[in-house]
Amino acid sequence: MLPLSYLREQPEKIKEGLAKRNFQEPELVDQLLEVDQKKRKLQSQLDQTLSKSNQFAKEIGTLYKSGQVEKANALKSQTNDLKTTGKTLQERLKNIEVALLSIRTQIPNVPDESVPLGNSENENEEVFSAGTIPDLGEDALPHWDLAVKYDLIDFDLGSKITGAGFPVYIGKGAKLQRALIQYFLDKNTAAGYKEFQVPYLVNEDSGFGTGQLPDKEGQMYHISEDGLYLIPTAEVPLTNLFRNQLLEAKDLPICLTSYTPCFRREAGSYGSNVRGLNRLHQFDKVEIVRLEEPQNSRAALDKMIDHIKGILEELELPYRILKLCGGDLGFTAALTFDFEVYSTAQKRWLEISSVSTFNSFQSERLQLRYKDENGKKQTIHTLNGSSLALPRVVAGLLENQQTQNGINIPKALIPYTGFETIK
RNA sequence: AGAGAGGUGGCCGAGUGGUCGAAGGCGCACGCCUGGAAAGUGUGUAUUCCGUUAUCGCGGAAUCGAGGGUUCGAAUCCCUUCCUCUCUGCCA
């Protein structure tokens, strides 16, 4: 959520920014300011009341000690009034705080100035492309056919034991998964990201901290018996490691990486776009997360982009980078770059990474701050990106590298797979 | 899963109803001492919110795992919940 000070000081600028993402309820900003005003008034009333009763309590204490019981009792009855007003004020304050938070959580992040206008993914701006799209001829197979041909992935078995969207990887298919995970982690740690292994289930506070709750409640698997959620991305546990923390400037930047499976209900997805590996309920991903001082976050985003570029070039995949337009930007993000790999056999681009800066939107929810060199408390900027998500990388590799004699593994990956081709 | 013990500031640890946001120690910061350092010594050293202020600051409220209750007053008593440790059980 947006910092209160920002909301108080620059409501018009915020509304202007939100317009870029076609936010339908700019009046929420005014509502929030109104409620905030009320809340502050109420709080000073309550503080005054409590202050008085604290004072009385102290006096009563000293009176008892010096044996002036009657005086003490007289004061006691006086405090009863304060007590009741205090209670009602407290109740009202609590309600208004709930209201305030509820409004605040409904306001999305303000897009970065550089975010282009646009309503949908069609208006995302291509900012970079690299690699050559191979000419595979007419009989090129999509990855779901290749998966069967080479016995790499069995979608039906997954359906049998779990349901659609839970593939079973077999033989070289399984090995390729393991190889990619290890390769990605090695690349990330070599670039200075510290590796973590984190739980795949998180509690409600963590879901709120990174912004999945309440906005995307229906997209996460929920274990109601224990109040836990299956993570939709490692971003959630990784970023929440720092929930409720006050860091020092010298601790920053913090760079993390983690491999986790990701679980998504993908309610409402259907059609040919979800075929094969294109959209799954469970998939593997290696994530990178950074915590940065605000003045460095933009440069950090560029570093992340360069890092991912390097990986894609080693994997010899044709890709492009899109800057998301306002309308396609996620709720919590201020600026997002999507990486897409071209799937030659499917003749379409597949998103394989999404790199975002959230500015202080997440750290505000997380109550994550740091003390700068002058000892002043500042909010931290959080960033994250996939480096990388496996299924569509696999789709891209299988489809683009297919030949008459099998599928070629890119050089960089061979030390990890232990084989050069899939035949 | 059952029985017991416990959760206090960056860390250790005292505090079982009143002036306790919290003794003492360690650590850290600054100063003194020293040729320099160590030792010694002095001072300072939590967070959030509200108000005030150009700033330093000042005033108020809240916070002793979390939430609720009893009381004029709660770190201290009661309830709920989470977590940690020990023993027993189960298990990769």
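Owing to the predicted nature of the structure, the values given are computational and were not obtained by experimental measurement. What you see below is based on every heavy atom in this structure, not just the backbone, and it leaves out hydrogens, waters and symmetry mates.
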Taking the same atom, [atom1], in [N] and in [M], what whole-Å distance lies between them?
N	M	atom1	result
B:G68	B:C26	C1'	36 Å
B:G15	B:G67	C1'	24 Å
B:C79	B:G24	P	34 Å
B:U8	B:U47	C1'	15 Å
B:A14	B:C20	C1'	12 Å
B:C83	B:U70	C1'	26 Å
B:G65	B:A74	P	15 Å
B:G9	B:A75	C1'	13 Å

Tell me which nucleotide among [options] gets nearest to the side chain of [X].
X	options	result
A:Tyr64	B:U19, B:G18, B:A61	B:G18
A:Lys377	B:C72, B:U47, B:A61	B:U47
A:Leu246	B:U47, B:A61, B:G73	B:U47
A:Thr62	B:C49, B:U19, B:U47	B:U19
A:Ser44	B:A61, B:C72, B:C50	B:C50
A:Ala57	B:A62, B:C72, B:C49	B:C72

Any side-chain N or O of [X] below 4.0 angstrom from OP1/OP2 of [N]?
X	N	value
A:Arg8	B:C50	yes
A:Asn54	B:A61	yes
A:Asn244	B:U48	no
A:Lys94	B:G68	yes
A:Lys83	B:G73	yes
A:Lys371	B:U47	yes
A:Arg40	B:G51	yes

Margin query: Would you say the ring centers of A:His307 and A:Tyr193 fall short of 6.0 Å from each other?
Written below: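 Ring-ring flag for A:His307/A:Tyr193: true, centres closer than 6.0 Å.
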
Nucleotide forming a Watson-Crick or wobble pair with [N], both distances under 3.5 Å:
N	answer
B:A92	none
B:U71	none
B:A46	B:U63
B:G10	B:C26

Rounded distance in Å - [atom1] ([X]) to [atom2] ([N]):
X	N	atom1	atom2	value
A:Glu364	B:U48	CD	P	11 Å
A:Leu50	B:G51	CG	C1'	15 Å
A:Gln45	B:A62	CD	P	16 Å
A:Leu247	B:U47	CG	P	13 Å
A:Leu93	B:U48	CG	C1'	13 Å
A:Asn203	B:A66	CG	P	16 Å
A:Leu82	B:A61	CG	P	13 Å
A:Lys376	B:C56	NZ	C1'	11 Å

Any donor-acceptor N or O pair under 3.5 Å, side chains [X], [Y]:
X	Y	value
A:Arg369	A:Ser363	no
A:Glu292	A:Ser297	no
A:Asn408	A:Gln401	no
A:Gln106	A:Glu25	no
A:Gln346	A:Asn278	yes

Next item on the list: Could you check A:Ile60 against A:Leu4 and say which one's nearest nucleotide on RNA chain B is further toward the 5' end?
Entry: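 Going by which nucleotide is closer to the 5' end, it is A:Leu4.
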
Notebook entry, point to check: Between A:Arg369 and A:Leu46, who's closer to the 5' end of RNA chain B by nearest nucleotide?
Noted result: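 Its nearest nucleotide being more 5', the pick is A:Arg369.
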
Margin query: Ring-plane angle category for A:Tyr221 and A:Phe166, please: parallel below 30°, perpendicular beyond 60°, tilted otherwise.
Written below: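 Plane angle between 30° and 60°, so tilted.
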
Check: What about A:Lys65: does its side chain form a donor-acceptor pair under 3.5 Å with the base of B:U19?
Finding: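 It does, because a donor-acceptor pair links the side chain of A:Lys65 to the base of B:U19 below 3.5 Å.
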
Notebook entry, point to check: Are A:Lys377 and A:Tyr370 in a cation-pi contact, defined as NZ or CZ under 6.0 Å from the six-membered ring centre and within 45° of the axis?
Noted result: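 Ring-cation test returns no.
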
Next item on the list: Could you check whether A:Lys38 gets within reach of a base, just the sugar-phosphate, or nothing at all, counting any heavy atom under 4.0 Å?
Entry: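 No contact.
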
